[in-house]
Amino acid sequence: MIDWPLVSVIIFLPLIGAFIILFIKEDQLTSINIKWAALLATLGTFILSLILWLQFDYSNPSYQYEEKFRWFDDFNFFYHVGVDGISLFMILLSTFLTPLCILASWNNIKKRVKEYMISFLFLETVMIGMFASIDILLFYIFFEAVLIPMYLIIGIWGGNRRIYASFKFFLYTLLGSVLMLIAIIVMYRNTSSMSIEFLQGNYFSYNTQLFLWLAFFASFAVKIPMWPFHTWLPDAHVEAPTAGSVILAGVLLKMGGYGFIRFSLGMLPEATEFFIPLIMTLSIVAIVYTSLVALAQTDIKKLIAYSSVAHMGIVTIGIFLVNQQGLEGAMMQMISHGLVSAALFLCVGVIYDRMHTREIEFYGGLVQRMPLYATVFMIFMLGSVGLPGTSGFIGEFLVIVGAFKYSSYVVIGAAFGIILSAVYMLYLYKRIIFGTITNNKLADILDINTREKIILIPLAISVILLGIFPNLFLDPMRLSLELIITNYEIANAK
Amino acid sequence: MLNNIYNIFFIPEIFLACSSFACLLFGLFLKKNAFRQTSNLAVFVLLLTILLVYYDSEPNFANYKSLFSHSSFIDFFKILALLGSIASIIISKDYFLGIKLKNFEIPILFLFSTLGMMLMIASNNLMSMYLAIELQSLSLYVAAAIKRDSISSAESGVKYFILGALSSGILLYGFSLIYGFTGSMNFDDISFYLSKYDNLNLGLIFGLVFVMVGLAFKVSAVPFHMWTPDVYEGAPNSITGFFAIVPKIAAVALIYRFCLVPFENFYLEWSQIILFLSIASMFLGAIAAIAQSNIKRLLAYSSIGHIGYILIALVAANDDGIKAASIYMFSYMIMNVAIFAILLSLKVKNEYLINISDLKGLSRSNPIVSLSISIIMLSMAGIPPFIGFFGKFYVFIAAIEQELYALSVLGVLASVISAFYYLRIIKIMYFDESKSEGIINFQISFQSKIILSLSLFLIICFIFYPSLLINISASLTI
């Protein structure tokens, strides 16, 4: 094993990068130094996080690479970080997407490059820190600190309604998370411990669990987001710059799913059992309703944003099935959605950079001028639909298999949503890519350049890799998920 | 009693009183630069007083027939008030010179008011408490009206005086009722007398309510907050800074001591009042600040909101509550010091900044200043990882320890509402495009820069080593 604090290095390397960038002089034309510094810091973080995966012990269900220091003298709060099978891929997703985001912003962020890169690096530190925390207070601090850089990214570099969107994003998610703070303190008061590891037994009375569950639900349901708490998402996505949408869809939404697995399932099993019907209902409504809404959108980004809500509906179904297939499916669906929706937003970014509009009607017949773009877009579109061979299939398939054990109505709802997702994605693809070019402005549009290839091709490869070799990803997480399921079943068998 | 008669001068309050008179004479005989020299001397005197409080010689004599009291809680708040006072004298020096208000009396007034606050914090007797409050308030009335040729300054002074006198009257009436029904003015005696009874009689309840009203006025808790925005707005900025930073510390310590020492056994009676004050302050502070365009009024409502959170910890009335109050008060002090250090150095078109909308474009012309303001605002809103979050966190720990779930939930909801107006300031600095760049000037003296950097350092770096402050505040006893 590794005898140096690998996890802390991964968490704080981007922050150190941000600190260095603070002292690089900004040259007004290109700010090339700042961009390279940011790229190097994020790439370094990604490479280090690959070590996490390579050295990962598949036979150990609990946390690895643990680091623990006393932090507060009066209470049992620790600086306690580590990685288990659940958080491993969340961390990898964050470290993988951030360098791509930096590359995606290489040319289209023209003002305040320095602040932009600092925000992104800070954001990366906070995201990784959140997934790696084993102390709940530490988790909460990272969880809320995410709002600061994201608020700035949407508000400064966003579109026309960016101020509205940034306030809505900040206040909506803050409202959810402050209730979680109260729940955390109540948990601490009952057990005198803030360790996630320790609390994953069954320590609370039934009534306490119900209230705690609702408080956590308020926070994670807003974050993931579940219908009807999803209204901040389309606004935030549409107004955020491309890279902001990528991180928002790719990583921030997963914070909700991650929280459900860790807190609701792990710590509050009996309350979870009680609320499962509620979650299933909300998820199915989310899948069907937001798919139909997505069908009616005229803005490409908004369409993908609504599709995210629908996909997250599949994730919540999978999580709250609490069986092996369901949870594995949910995790796969989260990873897959992280890659696919990030890639789709990047694809939208490609044409937005050229034409400065996201209206679907504006485009049409892009395949005539941009064959390569049409190909990668197709891979991601099919990944989103869930075609076998792509990452999306594994997640959806596993969730549906798992759902049969629970109720066939859920299966029908989920399957209906998957069909609808094929409808709106294929319809979108047809309108943008196929046909002949009718709009004269598109006559000179250029195909993707080298930088964009560097961004999109790794994503395309990983989408297919995930679809063909899912065990590569499922094996490390399997035992950790089994541990959660076993604890859950023991608690509910009593 | 006294080991050595000269030791009397080492009692912090006596030392501060004598030195304040010395400063007054010193200023009187100086021809040139009287203001600057007196300010420096005042800072020096206050620093010495901190040392004396820390070493605390002759505590028994200083209690003077238990008119005053000694405890770690009292010492902590005294030092906090002295530090706040030092910081606000230093950061306001250049501002006074800038607006050509060079009366050397100003630092002297600050000294006397600080003396009043130290006595207030330590007082253990209704009479000494009243006199200390008056010493403190009278100095502040004069300070608010110090800019004699300005109508708004005079107005704020008069307003403060009339409402302050009214509240003092109410307070005094409450004292007389308490004295009348218990036969004693001493906190400990009152506590002893009351311990024989299970219920308060009607007269004592009236007395308690009247005193609570008076104290609520001093901490500017809703619904007795009316004076705060007006006085903050009318007084010169640097005086506003002093108002925001220091007197609140003393008033909060006093209200804690008054509730927890003589009336500790009658928790139910006073906690209902405090509960209402707390909820009303949090929500009114959060909602009324949204519509403000004047930064000083905004900070006034923000301080009302903060008082609401501190009162939550008082309702909790346990050891965690005292700890939470001291951590919160510390964070409140340094956040206000930092924001006023910036406000007192920002000039828009050669006028000191008043309107929030004038901050537009600051992120372009002065990236470091706007970053600092953003950090302070996020900290005030209670967003981690800054110190303001830990203040609120400890308050909620104390509240939940006492099973005040509903109050905690209301508290966090109010904090979400208040986040809106703190974010609005960041929005104005960063999101709004401004055509007129470069009209904002940031000039700061070396000394203020040190104060500003130190407080920003504490705001940001508290998270890395929280135990230092927390161990101190955990050891406090009332």
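Computed from a predicted structure; not experimentally measured. Convention: sequence-line order gives letters A, B, ...; per-chain numbering from 1.
In this structure, the portions of I156(A) lying under 4.5 Å from any heavy atom of chain B include both its backbone and its side chain. Proximity to chain A is limited to the side chain of I470(B), based on heavy atoms less than 4.5 angstrom apart. In this structure, the portion of F170(A) lying under 4.5 Å from any heavy atom of chain B is its side chain and not its backbone. Proximity to chain B is limited to the side chain of L137(A), based on heavy atoms less than 4.5 angstrom apart. Interface remark: I463(B) contributes backbone and side-chain atoms alike to the contact with chain A (heavy atom separation under 4.5 Å). Interface residue W71(A): backbone and side-chain heavy atoms are both found under 4.5 Å from chain B. K323(B) touches chain A through its side chain: at least one heavy atom from C-beta onward sits under 4.5 Å away, while N, CA, C and O do not. Heavy atoms closer than 4.5 Å to chain B are found nowhere in I184(A), neither backbone nor side chain. Looking at F167(A), only its side chain comes within 4.5 Å of chain B, counting heavy atoms on both sides. Both the backbone and the side chain of Y151(A) come within contact range of chain B, each with at least one heavy atom under 4.5 Å from a heavy atom of that chain. In this structure, chain A has heavy atoms under 4.5 Å from both the backbone and the side chain of L423(B). In this structure, chain B has no heavy atom under 4.5 Å from any part of S177(A). Looking at R70(A), there are no atoms closer than 4.5 Å to chain B (heavy atoms on both sides), in backbone or side chain. Contact annotation for F77(A): only side-chain heavy atoms (C-beta onward) come within less than 4.5 Å of a heavy atom of chain B.
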Legend entry - Worked check of side chain to side chain donor-acceptor pair (under 3.5 Å) between S281(B) and Y309(B): CA-CA 8 Å; S281(B) 307; Y309(B) 290 98; over 6 Å; no

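By the 6.0 Å contact criterion, CZ on F464(B) is open, its count of non-hydrogen atoms from other residues, nucleotides or ligands being 12 or less. Other residues, nucleotides and ligands place no more than 12 heavy atoms under 6.0 Å from the CZ atom of F19(A).
The most heavy-atom pairs under 4.5 Å with chain A, out of F396(B), F393(B), Y465(B), come from F393(B). Chain A forms the most heavy-atom pairs under 4.5 Å with one residue out of A399(B), P384(B), G382(B), S374(B), and that residue is P384(B). With chain A as partner, the option from L413(B), V412(B), D432(B), V409(B) having the largest number of non-hydrogen pairs under 4.5 angstrom is V412(B). Interface remark: of the candidates F211(A), Y140(A), F142(A), Y140(A) forms the most heavy-atom pairs closer than 4.5 Å to chain B. Counting heavy-atom pairs closer than 4.5 Å to chain B, the top-ranked of the candidates I182(A), V186(A), V126(A) is I182(A).
The closest side-chain donor-acceptor pair between S205(A) and T208(A) falls under 3.5 angstrom. Side chain to side chain, S302(B) and Y422(B) meet the donor-acceptor criterion of an N or O pair below 3.5 Å. Looking only at atom types and distance, the side chain of T477(B) has no donor-acceptor partner in the side chain of S71(B) under 3.5 Å away.
Ring geometry for W157(A) against Y116(A) counts as perpendicular: the plane angle is over 60°, on a 0 to 90° scale with 30° as the lower cut. Between F72(A) and F390(B), the two ring planes are tilted [angle within 30° to 60°].
Taking each heavy atom of M429(B) and S370(B) in turn, the nearest pair found is CE-O, 3.5 Å. Contact record, F217(A) with M226(A): CE1-SD, 3.7 Å, taken as the closest heavy-atom pair.
Note: Y332(B) and Y328(B) fail the aromatic proximity criterion, with ring centroids not under 6.0 Å apart. Ring centers of Y188(A) and F75(A): under 6.0 Å apart, within the cut-off.
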